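Please read the structure below before turning to the comments.
Note that the structure is predicted; figures quoted are calculated from it, not measured.
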Amino acid sequence: MDIKSENACFGGVQGVYSHLSKSCGVEMTFGLYLPEEAKFSRVPILWYLSGLTCNHENAMTKAGAQAWAAEQGIALVFPDTSPRGEQVADDDAFDLGQGAGFYVNATQKPWAAHFQMWDYIVEELPKLLGDEFSVDLERQAITGHSMGGHGALTIAMARPQQYRSVSAFSPICNPIGSEWGRKQLTAYMGTESSTWEAHDASLQMLEKGFDGPVLVDTGTSDQFLELLKPETLAFSMAKRRQQGHIRFQPNYDHSYFFVSTFIEDHINFHAEALHAE
């Protein structure tokens, strides 16, 4: 593992690191914020999965999350959104290829060779963090924005034993329900629609739900509302009587201004679950 940078931040350290990923077969970069408490003991960990076109750096520098994580004594992880490099398949579209991994394990050419983001986020990177840093893998929570909100919700519902709480900002809620969403699922996973269902938050919420608290925020002025389909997730949560909150925030859009406005709420929400006995 290589240290790209380490900077003092709110009493802790904001680091950027890279390593050769076995899952993705290329070098991957991630950001990790460790609060001051990590100098003395293992601290709980909150994953932040970013959205389309982002890398590890966007939320790390724009969300304003470190101040609130420091206050709560929580580590923050900012993974990249896909494998990258000359040897990695790409597409001219912003919503496919590098920067658009959708947190799935691809099975189709040319993506299958490197796009194994589900395994990377769920299995490989947590183990690396537990081995190399003072984090407590028994206390994990997960959040994300847009494509990352989709990833956070579907991963948490698939692995409830791994995450104590889940939240999302403007998540892609029902990719199967739109031609746009089916485009990526087909490209990465093939035409058999049954393989897509594990990556549709609204379907998984109706089928499985989550054994823990859920918080979802979406802006009413989000320019991608028709693609996000938050009403489908709201319906599933209501029908399942899922514990949690789905909130529509007046006048907010899809930007990091929206994320930074409500990041304190989300970190405090996760802190309650992460610090519970």
Side-chain angles (χ1 to χ4, degrees), residues 4-10 12-18 28-35 38 43-72 74-84 94-95 98-103 117 120-122 125-126 128-129 133 135 140-156 163 165-172 201 215-219 222-224 228 249 252-271 274:
K4 297 295 187 181
S5 63
E6 289 184 329
N7 298 95
C9 183
F10 294 102
V13 176
Q14 177 60 66
V16 177
Y17 309 93
S18 67
M28 297 289 288
T29 300
F30 63 93
L32 173 66
Y33 175 71
L34 290 173
V43 295
I45 185 168
L46 174 60
W47 294 80
Y48 185 102
L49 305 186
S50 288
L52 285 165
T53 75
C54 292
N55 58 25
H56 70 280
E57 191 174 25
N58 296 74
M60 188 181 80
T61 59
K62 294 180 180 180
Q66 291 89 342
W68 309 115
E71 189 173 286
Q72 296 289 355
I74 292 172
L76 298 172
V77 188
F78 304 98
D80 205 345
T81 55
S82 78
R84 298 178 190 271
F94 79 98
D95 55 359
Q98 295 186 39
F102 274 85
Y103 305 102
M117 288 300 294
Y120 178 69
I121 296 296
V122 173
L125 190 52
L128 176 68
L129 296 179
F133 300 97
V135 296
Q140 297 186 66
I142 191 166
T143 188
H145 175 226
S146 193
M147 178 184 73
H150 139 85
L153 289 166
T154 54
I155 286 171
Y163 307 97
S165 52
V166 59
S167 73
F169 300 86
S170 306
I172 300 169
L215 173 63
V216 178
D217 277 314
T218 301
D222 193 304
Q223 55 270 46
F224 303 110
L228 301 177
Q249 302 293 356
Y252 284 91
D253 59 17
H254 201 73
S255 69
Y256 274 100
F257 297 111
F258 161 65
V259 173
S260 63
T261 299
F262 296 101
I263 193 70
E264 179 186 6
D265 282 1
H266 284 244
I267 289 178
N268 291 342
F269 161 80
H270 289 294
L274 289 170

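Residues forming a salt bridge (Lys or Arg N to Asp or Glu O under 4.0 Å) with D253 (at least two apart in sequence, or on another chain): none. Y33 is linked by a ring-ring contact (aromatic ring centres under 6.0 Å, His included) to nothing, counting only residues two or more places apart in sequence or in another chain. Looking at residues two or more places apart in sequence or on another chain, you find no side-chain contact (heavy atoms from CB on, under 4.5 Å) involving S260. Not counting sequence neighbours, the partners of A100 by the side-chain contact (heavy atoms from CB on, under 4.5 Å) test are L52, F102, Y188. Shown here are the side-chain hydrogen bond (donor to acceptor under 3.5 Å, both in side chains) partners of Y103, two or more places apart in sequence or in another chain: there are none. Residues satisfying the ring-ring contact (aromatic ring centres under 6.0 Å, His included) criterion with F269, sequence neighbours excluded, are absent altogether. Remark: Q98 engages no residue in a side-chain hydrogen bond (donor to acceptor under 3.5 Å, both in side chains) (not counting sequence neighbours). Residues satisfying the salt bridge (Lys or Arg N to Asp or Glu O under 4.0 Å) criterion with D222, sequence neighbours excluded, are absent altogether. Residues passing the side-chain hydrogen bond (donor to acceptor under 3.5 Å, both in side chains) test with D80, sequence neighbours excluded: R84. Contacts of Y17 classified as side-chain hydrogen bond (donor to acceptor under 3.5 Å, both in side chains), with partners at least two apart in sequence or in another chain: E6.
Side-chain contact between P79 and L49: present, with at least one pair of heavy atoms (C-beta onward) separated by less than 4.5 Å.
Pairs passing the side-chain hydrogen bond (donor to acceptor under 3.5 Å, both in side chains) check and including a residue from residues 143-154, sequence neighbours excluded, read T143-S167, S146-H254. Within the structure, the side-chain hydrogen bond (donor to acceptor under 3.5 Å, both in side chains) test picks out no pair touching residues 53-64 (sequence neighbours left out).
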